[in-house]
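In what follows, residues are counted from 1 in the order of the sequence shown.
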Amino acid sequence: MDSLVDYESSDSEHSSCDEQPVGTKRAAPVPEHPSKRRTTVPALPAFFSPVISDETKDAKGRVRSKPATRNSWATHVYFQLKRDDALGAVISATESDLVHPLDDIHISISKCLYLKDHETEGYSRAIQDALTRAKRFVISFAQLAVLTNEDKTRSFLTAEVGRGYHDLVQCMHAVDKVNAKYNQPPFYDPPRFHASLLWSLTEAPLQDAIARIPEDVATALCHEEYHVAAIHVKSGDRIKVYKMP
């Protein structure tokens with residue numbers, strides 16, 4: 001895994017530090033209709049740059065879960081997904097004045113970690129080394145669910161992974177070993193891997209939205225395959241991308 005892309009992030013719309021529910025592995029049958037469930041998840045930390053702001057709430061009402069601190073870089077390991085027709089159809093069917101789409105669609109394999117400035121480069125290299133034997137694989141989604149972060153500041157409409165779950169677990173374990181060396185917490189056990197598609201300040205608009213999704217749109221999403229081919233490590237506004245063999 002020696003292919004590296006290093007670039008600055010211009011995404012200020014959504015933190016890559018994703019919310020992650022506590023739950024169990026889900027089977028991957030095509031659902032008759034998206035699942036409606038209420039799940040509490042750990043807090044969604046805000047992603048910030050070296051410029052420290054005292055603002056705790058943005059124009060859309062999103063609340064910063066952890067105050068910005070100098071020399072503390074929000075760091076996150078994940079797999080990026082492209083918004084295709086299947087994902088776009090779900091988003092189009094649910095977007096409203098109260099339900100907002102996320103530009104950044106990804107699957108987390110770490111919690112949101114906070115590293116010192118001098119640790120970020122070494123951490124990225126350690127993740128690359130830990131996953132050097134990880135090969136590309138395919139995922140698909142099993143169902144849709146509404147998840148709420150621990151602080152109850154935001155809720156999300158998510159697509160939960162079915163196929164590819166065990167591949168993600170193997171990558172997660174490799175990342176957990178690196179995190180232990182940096183005195184950072186492991187990922188949630190058991191993990192529920194998912195991609196967040198839309199968010200709202202409360203759960204009710206998302207529950208209404210998920211009920212409106214046509215059955216053929218939900219089924220089409222569960223039939224779609226997504227190729228996981230690169231590992232992303234984001235620290236502050238810097239992203240390193242390691243292509244998988």
Side-chain angles (χ1 to χ4, degrees), residues 1 3 5 14 16-35 37 39 41-42 76-91 102-112 127-147 156-179 186-198 210 213 217-234 239-245:
M1 190 191 306
S3 180
V5 179
H14 174 56
S16 286
C17 286
D18 199 13
E19 80 299 333
Q20 173 66 26
V22 176
T24 58
K25 178 187 173 185
R26 302 290 177 178
V30 176
E32 293 181 359
H33 196 273
S35 173
R37 65 170 50 82
T39 307
V41 300
H76 179 220
V77 185
Y78 59 96
F79 296 109
Q80 191 78 39
L81 298 180
K82 291 183 178 179
R83 174 173 166 170
D84 62 359
D85 290 342
L87 290 168
V90 172
I91 293 170
L102 296 170
D103 294 331
D104 177 39
I105 300 177
H106 62 267
I107 298 172
S108 300
I109 56 171
S110 81
K111 291 183 178 181
C112 190
I127 292 296
Q128 181 187 19
D129 292 342
L131 294 172
T132 189
R133 295 184 179 180
K135 298 186 181 298
R136 302 182 184 198
F137 56 93
V138 175
I139 67 162
S140 61
F141 295 113
Q143 62 186 4
L144 297 168
V146 173
L147 307 175
F156 300 84
L157 192 157
T158 71
E160 295 193 90
V161 172
R163 178 184 178 186
Y165 181 92
H166 291 295
D167 295 291
L168 290 169
V169 167
Q170 290 178 359
C171 293
M172 178 200 74
H173 285 324
V175 172
D176 280 349
K177 291 179 181 179
V178 175
N179 290 340
F187 203 51
Y188 304 97
D189 182 21
R192 281 178 64 180
F193 301 112
H194 66 278
S196 295
L197 307 181
L198 304 101
I210 206 171
I213 299 175
V217 170
T219 299
L221 176 62
C222 293
H223 284 160
E224 197 69 29
E225 294 182 345
Y226 297 88
H227 293 267
V228 175
I231 298 153
H232 291 61
V233 182
K234 184 172 185 177
I239 301 176
K240 291 184 181 294
V241 182
Y242 303 105
K243 295 182 179 179
M244 302 163 69

For this session: Answer yes or no: is there a side-chain heavy-atom contact under 4.5 Å between Leu221 and Leu144?
Result: yes
Exercise. Hey, does the side chain of Asp167 reach the backbone of Val138 with a donor-acceptor pair shorter than 3.5 angstrom?
Worked result: no
Exercise. Any sub-3.5 Å donor-acceptor pair from Tyr165's side-chain atoms to Pro191's backbone N or O?
Worked result: yes
Exercise. Hey, mind stepping through Phe137 and Leu168 against side chain to side chain contact (heavy atoms under 4.5 Å, CB included) and telling me if it holds?
Worked result: CA-CA 9 Å; Phe137 56 93; Leu168 290 169; 3.7 Å; yes
For this session: Rounded to the nearest 0.5 Å, what's the gap from OG1 on Thr132 to CE on Met244? Could you check?
Result: 10.5 Å
Exercise. Of all heavy-atom pairs between Ser110 and Val175, which one has the smallest distance, and what is that distance?
Worked result: CB-CG1, 4.0 Å
For this session: Rounded to the nearest 0.5 Å, what's the gap from CD on Gln80 to CD1 on Ile231? Could you check?
Result: 13.5 Å
Problem set entry | Residue pair Ile139 / Phe79, side-chain heavy-atom distance below 4.5 Å | no
Problem set entry | Donor-acceptor contact below 3.5 Å, side chain Ser140 vs main chain Glu225 | no
Problem set entry | Nearest non-hydrogen partners of Ala134 and Pro245, listed with the distance | O-CD, 3.2 Å
Exercise. How close do Val241 and Ile239 get, heavy atom to heavy atom, and via which atoms?
Worked result: CG2-CG2, 4.0 Å
For this session: For the residue pair Ile109 and Tyr78, establish whether any side-chain heavy-atom pair is separated by less than 4.5 Å.
Result: no
For this session: Report yes or no: does Glu160 contribute a side-chain atom to a donor-acceptor pair with the main-chain N or O of Phe141 at less than 3.5 Å?
Result: no
For this session: Measure across Met172 and Phe187 and return the closest heavy-atom pair with its distance rounded to 0.1 Å.
Result: SD-CD2, 3.3 Å
Problem set entry | Any Leu102 side-chain heavy atom under 4.5 Å of Phe156 side chain | yes
Exercise. Do Ile107 and Tyr226 come within less than 4.5 Å of each other through their side chains, counting heavy atoms only?
Worked result: no
For this session: For the residue pair His106 and His76, categorise the inter-ring angle as parallel (less than 30°), tilted (30 to 60°) or perpendicular (more than 60°).
Result: perpendicular
Exercise. How far apart are the closest heavy atoms of Arg83 and Ile105, and which atoms are they?
Worked result: CB-CD1, 4.1 Å
For this session: Output the distance between atom CG (Leu81) and atom CG (Asp104), rounded to the nearest 0.5 Å.
Result: 9.5 Å
Exercise. Taking all atoms of both residues into account, what is the closest heavy-atom pair of Ser108 and Phe193, and its distance?
Worked result: O-CD2, 3.6 Å
Exercise. Do Leu147 and Arg192 come within less than 4.5 Å of each other through their side chains, counting heavy atoms only?
Worked result: yes
